[in-house]
Amino acid sequence: MKMPQREYVPSSYSLVEPEPRSPETAVKLSSQEKDATHIFTLEAIRPNLFRTTFISTTHPLAPHRSAPVPSVDLGEVKSKCTESEKSKTYTFGDITVNLSWTSSPLVEISLSGVDEPIHSDLPYRSYAIDGDGIAHYTKYKKNTLHAGLGEKPAPLNLSNRSFRIGATDSFGYDVYRTDPLYKHIPFLINATPTGCVGLFSTSHSRGFYSVGSEMDGLWGHYKVYRQEYGGLEEYVIVGRTIQEVVQTYAVLVGYPKLVPRWAFGYIAGGMKYSMLDEPRASEALMSFAAKLKHHDIPCSGFQLSSGYTVAETEPKTRNVFTWNRHRFPDPKGFLDAFHAQGIRVIANVKPYVLANHPEYNKLADAGAFFTDPRTQKNAVARLWSAGGGESGVGSHIDFTSAFGYNWWFEGVKALREVGIDVVWNDNNEYTIPDDDWECKLDAPVLRSSEFLDGQKRVGVLGRAIHAELMAKSSHDALISLDSGRRPFVLTRSATAGTMRYASSSWSGDNVTSWDSMRGSTALSLTAGMCLLQCYGHDVGGFEGPQPEPELLLRWVQLAAYSPRFAINCYKTSPQDNTVGDVIEPWMYPEITGLVRKAIRRRYEILPYLYSLALESHKFALPPQRWIGWGCEDDPEVWSAQLMDGETQSWLGQSLLVGSVSEPGMSKARMYLPKVRTKQDDTGFLNLNAPYQHLESGQWVELDVEWDTVGITVLAKVGTAIPVSKQCQTLSSGEQENEADLPLDDYRAVEIFPPQKDSAGRVFETRWYEDDGISANPHISSFIVRYSTTESEVIVHWEKENGGFDAPWKELHVILPVGDERRVTSPVNAGVKQSTGIEVGAPGTLPVIKLDYGSFRATKYDQANDVYTFKNIRFGASTAGQNRWKAPQAPAFDHGVSSDDSAISCPQGSLVAFGSADVRAPASEDCLFLDLFIPGKLLSNPKNSSVPVVLNIYGGAYIFGSKNLLDGTGPIKRANGQMIQISSNYRVGPFGFLAGSTTEEQATPNAGIWDQIVALEWIQKYAPMLGGNKDDVSIWGESAGAGSIWLHPILEGGKRDPLFKKAVIQSPALNPQWDRRGQIENAYKRFEDLSGCAGRGIACLRSVSADKLNQAGNTVNGEAVRGTFGFGPQPDGKLILQAPALEYAQGNYWKNLTSVISSHTANEAEVFYDRSVTSDETWEAYLRKLFPAAVVNAGWDKKITEIYKSPSTPGSSSRTQGDRVRDSLRDLVFSCNARTFATAYKDRSYNIQYSVGTGLHGSDVAPTYSNVDGSSPAASSADKNTAGYQSYLVSHALTGDPNNLRLKSTTIQWETIGDGVGLEKAYPVLNAADSGFALIQDEQNLKSHCDLWLDFLEDAQKIQGYTR
C-alpha cells in the first residue's frame, strides 16, 4: 500500500449536462468541494460496457492512456431510462445500470434473473481523492473468483489478497509471493456462477489493488483500487461468462496480434551461448544447431541474449544495437547460416544506454533520456550491465522523446536489415527511482500534445507508458521494412496497450523449482484473460540450479501443450556470474527420448495451436483457459481447489491438460467438468494408456508415470483437433526455404468420437488456417463433422470461407487408440482414414492403409493361410543428411505400394573369414519391414488380439537382412494365432559408427534406433492388424540376439523396450567401452579411408555409399579376427556403459515377463584367430584385443590364469587355439546369454543347441522351419526341428515354452532359477540329434563370466569411463 494515505470523498454532487457524444445514455455529475471541481461521468459504450471517469481540476486524466476511448455503439439494443432527483436507471437488454448520487456516486449493475447486483460501488466511499491520486471502492463478493491484473503471483484466484499495480525486474521471483512481476494491467475480473464483471483502469500510473484483503467493521468487505497519480478512467464490463467479459475487453485494448506460425514451435535460448568468447558465440550456436539435428529435435527459433551486444573491450557492458565482432565476426553470415538450419533469430534489446555506449553522448545531447529536475540534466541510474546483478551508470530511453523514439526505430531497422527475425524487448519495466523525472513529450506518436502542468513527471504519466511506446517503435520499424509480413515483437513488460504492437510475452525470469512449474499454469490463465495470448514460461526455470531430470521432463511435457514453448535460462552462480550454464533438451540422456517425444508431439499438434491463435486474433478467446470456462453451471468448478488454476486447464475447447507438480508422482487427480447442458456432455477420452472413456462431473485418478505415460491429457468427446507432421514444416506464405524444410502439405484430424452409436447426432469442430506469415492474411475456416454407428465413423469436412488456399488437399482421419471402426465419407472423396485394412474382391490381395501410405500384400500362401506384405516402409531414406541419424518419419505417399523386392541395407564383406564378398544389391533407403499375418486375422482384425513377434537378423552387425527371416513357419505352428514381422536395420558403418566425434556430430547406434522405431511401429499399428501391442515378443540370433540383449539396458534401463518376451540365440557383442580411444580410432580410420580425414560427419554425409562401404570393409578387415570394426557401442546416451555391467549393476528394464536364453554347443569355431600358436602370440593377441592401459594393469595375467596355456598343468586347452576359441566364446557370446538369464532368472528358460556340429547359427533354420514333424512317420530330424520350434512358438503365445510344445517329441523345460548361480548352470535344455534333455552347462562357466565382468568394470575405471 502506498504511504501516506490522504483520502477525501466528495459527496455533494449535482447533475450537469453530459458531453454531446451520447447524451441519452450518459450521466455527468459535478461536486464543488475543497476548492476544487470534481467530475464523475458514466457512459454506455456498448450494451455491456460502461465508461466511468472521476477527475478534478487537480486530478486530470493523463492524455495518453493505455486504451483510446471507443465510439459508442449500442447496436440494436434499445435502452430504457428511469430517473429521480438523485438517481438514474438504464436498462440495456438484460443489464440494468443504476447510478445514484445522494452521497458519493454509487453504481450498481444487475443481470436479469440474478438476485444480487453483479457489481456495486461501496456506499459513502466509492470514489475518493487520495493525495495525488484517487481510490475506487467496490463491494467484495466472498467465495467467488477474482482473476486478472495481467500477471500476478499464483494461485489464479486473487481473492483476499493485495497487489501492487506496476512492473519490476523480478529476477528469480517466487511464483507464489513476489509482487509486482512484469506486467502493468489494472484489469480485474470477478466471476461468479451467475455472472461476471470486469473493471479496467486505463492509467499507466502505479497503484495498488486490495481484492478483499482489507475489511472494516464499518465498511464491511470491500475491494479498493488506489491509483498513485491523476484522475480515474475505468471501464466496467458485464457478462454472463468470463468469455463475454474478455471479448468486450478486446473492444477497448485491441484483439491479440497475429503471430507467425513458426513461433509456435520450440524456441531455444540461453545466455551462455551469446556470452562465449572461446569458442566464439557464433560457433557455439552453430554447434547447438548441429546437436539439434543429431538428437532429431526440431527447433523453430532461438532467443539471442544480449551477449551479442557486449563490448569487446573493458568495460564489457551491454551496448544495445551494437555487435561484438569477436563473438560474431560476420553477423549477417552467421544469421544466414542459422536460417539455413531452419532457426529464426529473436534478438534481445534493452531500453537503456550505459554511459560508455558509443552513442551515449549523442543521445544525451539530443534529449533522448529523462531529465532530472534537480540537476536539469539527463537522469542517470544504475543499470544492469554485465553479469548477474552487476551494474553500471547509464540512462533509460525516454520514448516520449522524438529523438529517443526514432533512434530506437532506426536501431531495430538495422537489426532487421542484417537478418534478425524478431525483436525481443527486454528489461522494459522502467524501474526508475524517481517519480519526478521529466519526460520530453515531443514524440508524434503520443495521442495528445497538450499536457498540463506536472504531467511531464514520469510518475504522473506512468512508467509503464514507455513499455508500450517501446513496443510501438519496434513494431513500426519492422513494418517499415516489409509491410506485407506480420511484425513480431516479443516483450517482457506490458501494459494493456502494449499488446497492440507486441505479439507475444512470457513470465520473465522464473526460477527452477517444482513450485515454479506448478504456479506457472495459474499465471498463464491470468495472462490469457488479459489478452496476453502467445504467452508462456521459460521451461526448466530461467534462474536457479539446473532442473533435475524428472522436473525438466515434466515441464517439457506440460509446456508442449501451452501457447508458447521456450527453453531459455541464465544459470549463474557465485563462481560463474558472467557466462552461466544452459538447459538443453539432451542434457540428461536418460530422458532425451521422452523430451524429443514431447517436442515432436508439439509440432504434430501445431495446426491446433495455431488455429487457437487465429481464433484468439479473431475473437479474443484465450488458447489456454480456466477449467470453468464454458462450464460455469458445474458447481464443482467454483471450489477453491479448482479456482486456484494450478493443476489443470483447457487448451482450446478440445483438450484438458493436467500438470504433475511433485516429484515421484505416479497418479494424479483431475476433475472432468460438465458443460452447460446434459445433452452436450459426452464425457472425456484419456489420450494416454489405458485410453479409457470417462464421464464428466467426477474426479478421477489417472496414471502419470514420468518415464512412460507423462502428464494427463484428455480429449472432450465429440471434438477434434487438426494435426500435421511431427517436424518443422514450411508455412505456405514463405517465399524462401533456406533450410529445405518439408512443406506443410499434410493435414489430419484426430477425432474423439463416442464409443457407441451417436443416434444421429453430428459433432462439429471448426479450425482456422492462413499462410502463417502475412500481415493481412486471408483466414479460412475448416469444419469437420462426424457421427458414429457401432461399426462406422461417418466424416465429412468443408472449407467454409476466407480465401486461403491450403497446400494440403486431403484430410486424413485418425481415430483414438483401440477404436477399430471404419471411417467412411459419403460426401468427401478427400477424406482418408489414416489406418485400416481394405479387403477387396475375392482373388485380390488386401491393402493395409497407414497414416503415411498404403501397402498391398505381395503374396498369399493359401496352404498356410498367411499373407506376406513385403517392404512396408517404417522410416525415410537414411541417405545423405539422414545418415547417422535416428530414423526420420516417412513422407506421406498417396499411392499403394506392392514392392516384393529383397531390399537390404548396405552390406559389409565376409572377406575377413576367407570367403567371397557377399554384398547383395542394397540401398540406404532400406527402412522397411516384412509382415506375415494369418488370413483369418485380416478378415476380422478388430475381434482379434494375437501376440506379435519381431525378428531381428544376425550378421555380425556388418551384413544381414529381413529377407532371411520368413515368419510363415512359426505362424503355421501357432495355428494362425500369431503375427510375425522381420525388419531391416542399418549395419556396418552405416548403422554403428561410434566414438566421440560421432557422439558430438551425429547419432551413434543408428542401427539400434532403427530397431526401436520398428518396435514403435508395432505399438502404433499392431492393434489395427489384430495384434496385441502389449504382447510383443522379439526373436534374434547372433547380432540380432545381441541387439535384443541391449534393449532392456538402453538409457540405463529406464527406456521401455516395448516387448514383454524375448528369445536370444547366441547373443553376440564384442564388448567395447573406450569411446575416446579404440572406438574413436576406428572412426578416424574410417574417416580417413573415406577421404574425409579431419572433416567430420558433414563430409562423410557427402561421400558415396559405395566408398563408405569400401572403407567399412577395410576397417572390418583390420579388426582382430572374431571381432568387427563396427557394432553397438556405449555412447553415454543410449548405451551408458558396457551392457554386461548394466545388467550386473541392476540397470535394466525389470518388466520382461519371460525370456529364452540360448547358445550353441560350438559358438566360436568359425570365428577364432588361428594365428595364435604360442604363449607369445597369445600375449600379443590380448594386447591387440584390449587397450594397453588395461592389459598393463595386470589383466593379461588374470585372463591367462583362467584360460591357461596348454603347457600349464590343469589347463582345459589342448592347443593354443582352444583357449583363443573358448575365451572368444565366453567374452562375445555365451557370457552374454548367462548375464541375461541371471537378470531374469525366475522367468528365464536356458537352452544349448547341439544338433549336428552345434556351430554358431545352426539354430536359425529350425526356428523358421516349415516342416510339420508331428507325424509318426516324420524323420527324427524333422521331429526334433518341430519340437524345437514348438517351444519357441509356445513361449511367444503363452510366455511358457511348455504349454503348447509337441508333447510327443519334447520334455518339460524348467526355468533356470537359482541354478544360474552354479558354476555350471542347471537346468539347461540341450537340443541334440538324439532329442531333448536337461543338462549342466559346460560352456559359460560362472567363474569365466565373473572374470569378464570384473575385467569390464576395472577396464572402464582405468580409462575413466565409470558410469
Side-chain angles (χ1 to χ4, degrees), residues 2 51 53-55 59-69 130-136 148-152 163-169 180-188 199-209 225-235 249 252-254 351 370 396-401 404-405 425 428-441 443 445-452 454-473 491-502 505 530-532:
K2 76 182 188 67
R51 176 179 182 251
T53 64
F54 173 56
I55 61 174
H59 292 73
L61 295 180
H64 187 104
R65 301 179 297 281
S66 61
V69 179
D130 187 3
D132 292 331
I134 58 88
H136 178 209
L149 299 185
E151 187 177 73
K152 290 300 171 188
F163 305 96
R164 288 286 301 170
I165 302 302
T168 191
D169 183 351
L181 295 175
Y182 300 91
K183 310 301 188 290
H184 178 114
I185 302 178
F187 173 46
L188 180 69
L199 300 177
F200 169 53
S201 167
T202 59
S203 174
H204 289 115
S205 174
R206 286 177 171 176
F208 174 87
Y209 232 124
Y225 168 59
R226 296 186 175 96
Q227 182 179 298
E228 291 189 355
Y229 290 99
L232 174 70
E233 178 183 53
E234 187 174 60
Y235 291 89
Y249 173 64
L252 296 170
V253 301
F370 298 103
H396 282 89
I397 299 294
D398 173 10
F399 279 93
T400 74
S401 156
Y405 184 96
N425 287 2
N428 52 344
E429 294 75 29
Y430 274 77
T431 54
I432 57 181
D434 192 338
D435 285 358
D436 290 338
W437 282 5
E438 293 178 349
C439 301
K440 190 74 170 176
L441 301 179
V445 294
L446 293 168
R447 292 199 191 99
S448 174
S449 59
E450 297 179 5
F451 292 86
L452 302 177
Q455 287 191 321
K456 286 190 174 185
R457 294 160 57 204
V458 70
V460 176
L461 194 63
R463 291 166 175 78
I465 191 175
H466 296 277
E468 180 178 315
L469 295 178
M470 177 188 182
K472 179 170 174 55
S473 181
T491 186
R492 188 169 78 175
S493 187
T495 68
T498 302
M499 305 315 289
R500 286 192 291 273
Y501 314 111
S505 186
C530 296
L531 297 183
L532 302 169

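Counting begins at 1 with the first residue of the sequence. Below, each value reflects all heavy atoms present in this structure, side chains not excepted, and no hydrogens, waters or symmetry copies. For clarity, every value in this text was computed on a predicted model and none was experimentally measured.
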Separation of I134 CD1 from H59 NE2 (nearest 0.5 Å): 8.5 Å

Y182 side chain near D169 side chain, heavy-atom distance below 4.5 Å: yes

Under 3.5 Å: donor-acceptor pair, side chain of D398, backbone of K440: yes

Whether T168 side chain and P180 backbone form a donor-acceptor pair below 3.5 Å: no

Between F163 and Y209, ring centroids under 6.0 Å: no

A494 backbone acceptor or donor facing T491 side chain under 3.5 Å: no

Closest non-hydrogen atom pair between L232 and S201, with its separation: CD1-OG, 4.1 Å

H184 side chain vs S203 backbone, donor-acceptor pair below 3.5 Å: yes

Check: S66 main-chain N/O paired with T202 side-chain donor or acceptor under 3.5 Å: no

Minimum side-chain heavy-atom gap F399-V445 below 4.5 Å: no

Contact summary for R206 and T431, nearest pair of heavy atoms: NH2-CA, 4.4 Å

Nearest-0.5 Å distance, CG of residue L531 to CD1 of residue I185: 8.5 Å

C530 side, atom SG; L149 side, atom CG - distance, nearest 0.5 Å: 7.0 Å

H204 ring center near Y430 ring center (under 6.0 Å): no

Pair L532-M499, side chain to side chain contact (heavy atoms under 4.5 Å, CB included): steps then yes or no: CA-CA 7 Å; L532 302 169; M499 305 315 289; 3.3 Å; yes

Note: R164-E228 ion pair, threshold 4.0 Å (strictly below): yes

Any side-chain heavy-atom pair of H466 and P351 under 4.5 Å: no

Sub-4.5 Å side-chain heavy-atom contact between D132 and V460: no

Nearest heavy atoms of T400 and L441, plus distance in Å: OG1-N, 3.0 Å

T498 and L469: CA distance, side-chain angles, deciding distance, side chain to side chain contact (heavy atoms under 4.5 Å, CB included) verdict: CA-CA 7 Å; T498 302; L469 295 178; over 6 Å; no

Backbone N/O of G231 and side chain of Q227: donor-acceptor pair under 3.5 Å: yes

Trace of the side chain to side chain contact (heavy atoms under 4.5 Å, CB included) decision for E468 with Y501: CA-CA 8 Å; E468 180 178 315; Y501 314 111; 4.1 Å; yes

Worked verdict on E429 versus R463 for salt bridge (Lys or Arg N to Asp or Glu O under 4.0 Å): CA-CA 8 Å; E429 294 75 29; R463 291 166 175 78; over 6 Å; no

Heavy-atom closest contact (A496 atom, V253 atom, distance): CB-CG1, 3.7 Å

R457/D436 ion pair, N-O < 4.0 Å: yes

Donor-acceptor pair, side chain of N428 and main chain of A467, under 3.5 angstrom: no

Where Y235 and V69 come nearest, the two heavy atoms and their spacing: OH-CA, 3.6 Å

Flag side-chain contact, heavy atom, 4.5 Å: T495 against I465: no

F187 ring center within less than 6.0 Å of Y249 ring center: yes

Side-chain heavy atoms of H396 within contact of I432, under 4.5 Å: yes

E234 side chain reached by P186 side chain, heavy atoms, under 4.5 Å: no

Residue pair M470 / I397, side-chain heavy-atom distance below 4.5 Å: no

From CA spacing to verdict: side chain to side chain contact (heavy atoms under 4.5 Å, CB included), I165, R226: CA-CA 9 Å; I165 302 302; R226 296 186 175 96; over 6 Å; no

Heavy-atom pair of closest approach, residues S505 and K183: OG-CE, 3.0 Å

